[in-house]
Amino acid sequence: MNSNSSERKSHWEGVYSNKSEASVSWYQDEPTRSLELIGEVAPVQGGRIIDVGGGASVLVDRLIHLPFDRIAVLDISETALGKARSRLGEHAARVEWLAADVTEIRDLGAFDVWHDRAVFHFLTDPADRNQYVALARRTVPEGGHLIIATFAESGPKKCSDLDVCRYNADSLRAEFDGFSLVRHAAETHTTPWGAPQAFIYGVFRRRLD
Ligand SMILES: C[S@@+](CC[C@H](N)C(=O)[O-])C[C@H]1O[C@@H](n2cnc3c(N)ncnc32)[C@H](O)[C@@H]1O
């Protein structure tokens, strides 16, 4: 693990150790937009999905009731994964829990759907973004999809005290070499204390190399 990565890990372990799941700014009790977009691109039966930087999100609680053959949640924070895992009880065994930095992984196997809400925007170093997109290209086969949600141009400049990059449809498209932007949607997330945050959701399809 390089020093950037170990700093990142201790930051996120601290966040999840000190705050409850429902008190973080990104908390959603229902990931409605994610589920809608996943429903649009997931294979009708079976298929493989990974929630990248899923943290303690309840998205996985919904995914286990959908007909996926393989479900994985990846996060740099073991504490976050532990929270989601204990919430799911016996259903946790249906899920692969991957504690890792997404910029450092070489191989994840294949996934038809890659979902990321509010993780890619923390990659302010272009080298980290390149690693991320290269991993996505290796992981998602032709015809598979990425769903990437980041802060929009009018969104916050920081999240969890960390700088973020903000995107519009064009700048998001420009990051994802090897993928075509199929559609994008704006969404306003409301934090648990009532502050609005502008997001953009991009849906990308993997092209042939
Ligand atoms: C703002 S939270 C979003 C969590 C979740 N996606 C959601 O929508 O509730 C960002 C998440 O990304 C994770 N994270 C940050 N950097 C990461 C990295 N380089 N690799 C893997 N996970 C990372 C954090 O631990 C945290 O759970």
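For ligands, and for the atoms within them, numbers begin at 1 and follow the listed sequence.
- Judged as a salt bridge (charged side-chain N to carboxylate O under 4.0 Å, His left out), the pairs with a partner in residues 50-68 (not counting sequence neighbours) are, in order, Glu30-Arg62, Asp61-Arg87.
- Inspection of the Tyr132 and Asp116 side chains reveals an N or O donor paired with an N or O acceptor under 3.5 Å.
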Any protein N/O atoms within less than 3.5 Å of an N/O atom in ligand 1? List the atom names and distances, or say none.
unit_1: ligand 1; atom_1: 6 (N); unit_2: Gly53; atom_2: O; d: 2.8
unit_1: ligand 1; atom_1: 6 (N); unit_2: Arg117; atom_2: O; d: 2.8
unit_1: ligand 1; atom_1: 8 (O); unit_2: Arg117; atom_2: NH1; d: 2.6
unit_1: ligand 1; atom_1: 19 (N); unit_2: Asp101; atom_2: OD1; d: 2.9
unit_1: ligand 1; atom_1: 20 (N); unit_2: Val102; atom_2: N; d: 2.9
unit_1: ligand 1; atom_1: 22 (N); unit_2: Ile76; atom_2: N; d: 3.2
unit_1: ligand 1; atom_1: 25 (O); unit_2: Asp75; atom_2: OD1; d: 2.6
unit_1: ligand 1; atom_1: 27 (O); unit_2: Tyr16; atom_2: OH; d: 2.6
unit_1: ligand 1; atom_1: 27 (O); unit_2: Asp75; atom_2: OD1; d: 3.4
unit_1: ligand 1; atom_1: 27 (O); unit_2: Asp75; atom_2: OD2; d: 2.7

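- Side-chain polar atoms of Arg205 and Ser180 form no donor-acceptor pair below 3.5 angstrom.
- Formation of a donor-acceptor pair under 3.5 Å by the Lys83 side chain with backbone atoms of Gly55 is not found in this model.
- The aromatic rings of Phe204 and Phe176 lie tilted to each other, with the angle between the two planes from 30° to 60°.
- Taking the six-membered ring for Trp, Phe151 and Tyr167 have ring centres at least 6.0 Å apart.
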